[in-house]
Every structure is written in structure tokens, then in C-alpha cells.
Amino acid sequence: MPEKLPYTQNRELSWLRFNDRVLEEAMDATVPLLERLKFVAIFTSNLDEFFMIRVGSLYDLSLVNPESVDRKSGMTPQEQLSAIYRAVRPLYAKRERCFYDIASQLQVHGIHYLRFKDLRPDEVKFVKQYFKQSIAPVLSPQIVDTHHPFPHLQNKVPHVVARLKYKGNETFGCVPIPSVLPSVLYLPGSTVRFLTVAEIVQEYLDHLFPGYTCVERVRLCLTRNADITTDEESVDYFGDFREKMQKVLGKRRRLAPVRLELSGVISPELEAYLCAKISLEHHQIYITKAPFNLSFAYELGGKLSEARRSLLSYPAFTPQTPGILPPQEKMLRLVQREDLLLSYPYESMNPFLQLIKEAANDPAVVSIKITIYRLASKAKLVDYLCTAAENGKDVTVLIELRARFDEQNNIDWSERLEEAGCTIIYGFEGYKVHSKICLITRREHGTIRYITQIGTGNYNEKTAAMYTDLSLITADQDIGQDANEFFKNMMIGNLQGQYQHLLVAPVCLKSTLLRLMDEEIAKGPRGRMCFKLNSVTDLDLMEKLRDASQAGVEITMIVRGICCILPGIPGETENLHIRSIVGRYLEHSRVYCFGEGASEKMYIASADFMTRNTERRVEVACPIYDKRVQEKIHHILSLCLQDNIRARILEPDGSYSHVPGGEVPIDCQKQLMADAIDASVPVEGKPTLWSRVKDAFSKKKS
């Protein structure tokens, strides 16, 4: 049995600590109230996905290979599951306290989350009428007896269940809440008053089972294992991949249960019945009085006046146009003169979209090739790619249909692109294509010229305003030739291509990272490494980081989420320093830096330090050669490392502590917003946000 490494921690417990950090933001009194409620909603949806994917995969592993041991923690799958279920219980209590504290404070501002008992008589009348007219007609109540088998409880669908009596006999009743119904009902009136539809159904359950006496009732929500991969479907790449993905999505809805949430304590009889029917155990049950689904948190702002909304929300911010972009100049011409780095969400994605739009209509453009992992439900990018194909350009789109929980959206987009004449490919069996790369090929005076875009985040116009990411656009022909080689390899299914500048997983990214780390190790205490990542789980990379620390190399890491390597372990990782930032925006960019000064080697990448990224996905890291772009990235990293508001330090025991406050409070995200405003370009006929702020200050002084 392999020994647990002294400087590592369990992946799943590390993730739970990260999600606890998200909940900390919800408890921070300096964060506006509606934003605090959104953090509770993010914590909740994060936990849902954690159970569906991570707990689901451990459940599968416990059945297939129960004796396997996680080297990072020395735990078997079952031991990990037990530790997870224990660790989650106090988080539920913390979430509930946090939710009701925020709900109480929101009442002062005219926003009231209600239980049925809180309703005024006139509201009870309104709710009852709404139930009869709009809710009851779409419900499908069911009993369980010899002719009615126990129903299949769908994943993450709220149900109201009950113990019922009829003529002295007891039976079980179940009412699923269909998705066609809203999750909450807003009551008429001048203030925002609402309650969940599930609670309304629970209150009027007697109306759904006439003749029965309700002995006990409760709301529940079941979470099922959703860790389905296409490998399980024996994907035949010569068949219809889209059709097979549809089957995968259907199968996901019926997998084994991993968690049961209840709205209140139930009798031992009902618990025993549910556990037997659903195949769950007591430790997998969580009781929460807070709503199972908090998606309504994102709707509340739209119910308020602008003044009230601004009081309870973050100050409005619009992604800015970078100052180096002259008005009216074409992007195609500009990026051939100098590299451009866009820093989302502080800067807008529009310059990149404008580049694709221009390329779609430029007679000199021969082809556009792009990899797509996630897209927004409405995407200008798709419109421009379709236009390019319709204009006779060779448009190739490698779209990943296995982007978890975005599968259907990507299936729909692939059909639209194909109909417009784009060439669609789906990647590789056993390897997701997670890279973010786009290549525009132009023929100028008989010469082929490349423009390449490589980023750390998806081509998703919605998340580009919510996630921090970096997007490099360059006319460097060496990088362009590598990008062209990359797409050639993707078209013929070759994962073993050779590249001179780009680091491409699974072929050379990891081996190059290890080699670059070795170069810093050879420098001893003069060695320097800095990384900004979402997650760190790859054992080979962690062992090399430990070796570097032991050699005296100073290593600084900004890791938002999972971090299986522990800093500050005597004799192991004493020269390793790690911090995490959770703030208004989701920190998502990946940056690798080796060395310092003129000899520094810097990359931006789509890959985290996770084995799935380095060995089981197609990823791309791009070197940064332009000194101005390097300076811009250094500025971002420096602000992250100076942050003493949102940043936390990872301690040797895996816990997080506040960064000691300095003389000047620094919130890196706020500062980067201010920097973007300072460097913004006025949009013709419309003042920038910065000019409006200055005008407001001038009026105030006068």
C-alpha cells in the first residue's frame, strides 16, 4: 500500500475547504446583501455539482476498486466518502445560518423570503387561488401500492412526499415539482414578498390526495451520481456522435443516488422507508430549512428600483475597451502591428469578436479554425463563424460535446454551425479538447500570414463578463505556424504532434513544465517560480514543486480552488507560498512563470496542474514574448499577491487564514477595474464610465 505523502492533502476535502471560502464571502458584511445571497447560491450549486460528480465518481470507484488508495491522503474510496459526508454536515448548518441572516437583513430593504405561516390573510387567499389555477393542474401526484410502484425520483428535482392513511391503511404519496413551474411565487404588492412553490404544494397536499389523511409530509430533493463519460457508451467515432451524446444525457438522469436533502426532521418510519426505496443510508441525509435551490437570488435585483438595486449590489461595471485600440481602426490591421492582451472581465471581449467579424468579411482571409469548449446560449461568435462559412471561408470548428452540463448547448450549436457550412469535428475518444485557440489564415500578396488567439478561458460571451481570464491575440508567425500544425493534427486525430513554441497536452505540456522546473531547481535559492491556477492535483508536478522548495527555490502560487499540495511543511515545502482569492469575479486565468528578469519564461494556458489536464485533455499553453504583454501580466499577478481584502493564505494544515492587513487595503479585482477604466477608450458619442465618474465628482464639489 503506497504511503501518504506528508505534504499533500485529499482532493475532495481541499475542495470543500474552498467552497467554505465561498460561503465566507456570503458572511462578509462589507459585501452588498444581494451579492452575499448570490454567494450562498454559488456555494449551493457548487455543492450540488460536487456530489453529482466527485462523490459520484468515488461511489463508482468504491464498487469497482474498493481497495484502491489515494496516495495524497492514504484513504480508500469508502474512507474518502465517509470523510466527505462528515465534513459537509457542518457546512449545511453554516449555510442555513448564513441564508437566514441575509434574509433577515433583506427585510429592511423590502425583500421578504416567506414561509407559509408568515403570509397575511389576503396573501393566503391569493396563494390558494394560484395553487388551484396554476399549480395543481400541472402536478402528477402518485401513491405507492401494489398497482403503483415507487416512482423514480429525478436528479435535483424537488418533491413533496407524505405518509398517507386511507381506511386504516398507510401508504406513501409523492408529488414531483415539474420544471415548468417557477421555483418561487412572487406575491402582489409594493414590496418583494415570495415563497417557494414547493412549500405551497406541501401546504395544500391534502387537496392532491382527496380521501386520504396526511400523517406526515416533507419536501425532499435527491442528488444522483452524474459522472457519466462517453467511454461508458463505447463511442464509435464513425457513427453519429451527437446522437450518442443524447443517450449519455438520458442515462445521467437515472444513476445511483448519493445524497438526500430534506426540509425538516422526519419520523424514523419515513426515513427507513425512503432509505430502503432509494438505497441510501442515514449519513447521506441532510436536513436544511433553507431552500434547496437558490437560483432566485439572481432574479431579485430585477424586482427592485434602480436606487434600491444599486444599494444592495456591486457597483455597475462595464468591461472596458483597451486604451491601445485606436477608434475606427480595424482589428485585423492593428494586431499585425503589435500583440494584444485582453484581460477579462475588466476589458471587453468585443475586440476579439470584432476580429472574427472582420475576418468573416475580409477577402484576404482564407480560413478560420477554432476550438470551442463552452459557449453562451446566445453567441455572436457563432453568427460570425457562420457568416465566414457562407462567404466561402474554410471554417473549421472543433467543438467539445462532452463539456459537462453544457452538452446539449454544444450539440445545438454544432448543428447550427454545420448547417452554415462549417466543418465540424469532435475531438478524440478518451480525451476532451479543453484548449482555447483560434487561427485566422490570410493570403497577402501570395504569402500566407497567421493571426492567432490563445486564451485561458472559454469563448463564452456571458462568462467573459464574470470570470477573470486572459486572451492573447498575436501575429507572431512562429506561434501561428504551431497553431496551424495543431489544427492539422486535430483534423487527422494525431495527439503526438511536435511543436516549437506552444506547449500542447497530452504530448509535451507536462514534460516541458517539469523540465522548466528542473532549470529553476538547478539555480537553487536563486530560482523563482510563480503560478496562477484554479486547481493543483497532479502528483508529478507536486513532487517537483516539493523538490524545488527543498532546493531553496522561491515558489509563489495563486490557487483559487483545489490545492492538494500543502505549503510550509518542514523539510518539504518551506519555500512554497500559496494564497487563494475569492471575490466578485471568478478567478479563472492560468499563468506559468519560470525565472525572473530578462531570462524569465512566461506562459498563459488553458490547463491547471491537474492530471486530467496534463494527461487526459488536449490543452494549449502559449509563451508570452512581447515585453508589454509580460508587464501587463506581471501587474495582474502583483496585485493578486498584494491583495489583503479577498485573499487568504493556505496554511500547512489545509486551512485558510486572512492575509495580514497592510497600511493600504488592496482588493485586486477592484484595482483592476479601476485600471481598466483609467486606460479605456471613449466610445464615439457615448462617455466612458470613468468620464461619468469624474463628472459626478466635479458636480459634487461644485
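Given the structure is predicted, the values throughout are model-derived calculations rather than measurements. Keep in mind that the numbers below use all heavy atoms, side chains included, and drop hydrogens, waters and symmetry copies.
When all heavy atoms are compared, the tightest approach of A41 to L294 is CB-O, 3.6 Å. Considering all non-hydrogen atoms of both residues, L139 and I135 come closest at CG-O, 3.3 Å. Across all their heavy atoms, S263 and I287 have their closest contact at C-CG2, 4.5 Å. For the pair T76 and P66, the tightest heavy-atom approach, listed with the atom from each and the gap, is CB-O, 3.8 Å. Pairing each heavy atom of C214 with each of A162, the nearest pair is SG-CB, 3.9 Å. Nearest heavy atoms, L5 versus L539: CD1-CD1, 3.4 Å.
No side-chain donor from either of S183 and N293 sits under 3.5 Å from a side-chain acceptor of the other. Of the N and O atoms on the side chains of T463 and R374, not one donor lies less than 3.5 Å from an acceptor on the other residue. Using a 3.5 Å distance cut-off with no hydrogens or angles, the side chains of Q9 and R17 do pair a donor with an acceptor. Side-chain atoms of D70 and S73 form a donor-acceptor pair, as typed in the model, at a separation below 3.5 Å. Between the side chains of E24 and Y656, no donor-acceptor pair is found at a separation under 3.5 Å. Neither side chain, H148 nor Q142, offers a donor N or O lying under 3.5 Å from an acceptor on the other. Under 3.5 Å, the side chains of R217 and Q202 contain no donor-acceptor pair of N or O atoms. In the model, N613 has no side-chain atom that pairs as donor or acceptor with a side-chain atom of D608 under 3.5 Å.
Taking the six-membered ring for Trp and thresholds of 30 and 60 degrees, F51 and Y85 have ring planes inclined between 30 and 60 degrees apart. Ring geometry for W15 against F18 counts as perpendicular: the plane angle is over 60°, on a 0 to 90° scale with 30° as the lower cut.
Atoms CG and CZ, from L153 and R224 in turn, are 6.5 Å apart once rounded to the nearest 0.5 Å. Between the CG atom in L164 and the CG atom in L205 there is a gap of 6.5 Å [rounded to 0.5 Å]. Here F99 contributes atom CZ and Y113 contributes atom OH; the two are 5.0 Å apart, rounded to the nearest 0.5 Å.
With a 6.0 Å radius and a threshold of 12 heavy atoms from other residues, nucleotides or ligands, K94 has its NZ atom above the threshold. Crowding of Y166 atom OH: a count of heavy atoms from other residues, nucleotides or ligands under 6.0 Å not exceeding 12. Enclosure of atom NE2 in H283 by more than 12 non-hydrogen atoms of other residues, nucleotides or ligands within 6.0 angstrom is indicated.
With hydrogens and angles ignored, the 3.5 Å screen pairs a side-chain donor or acceptor of T573 with a backbone N or O of I569. A donor-acceptor pair under 3.5 Å is absent between the side-chain atoms of S655 and the main chain of E651, judged by distance alone. In this structure, the side chain of R36 engages the main chain of A26 through a donor-acceptor pair within 3.5 Å. Using modelled atom types, one side-chain atom of S45 and one backbone atom of I42 make a donor-acceptor pair closer than 3.5 Å. Between the side chain of R560 and the main chain of E587, a donor-acceptor pair closer than 3.5 Å is present.
The side chain to side chain contact (heavy atoms under 4.5 Å, CB included) with M52 is formed by just one residue from the set L255, N225, N155; it is N155.
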Please walk me through it: do H159 and V218 pass side-chain contact (heavy atoms from CB on, under 4.5 Å)?
CA-CA 8 Å; H159 294 70; V218 72; over 6 Å; no
Given L533 and V536, is the side-chain contact (heavy atoms from CB on, under 4.5 Å) satisfied, shown in steps?
CA-CA 7 Å; L533 303 157; V536 178; 3.8 Å; yes
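With Y373 as the aromatic partner, K432 does not meet the cation-pi criteria of under 6.0 angstrom to the ring centre and within 45 degrees of the ring axis.
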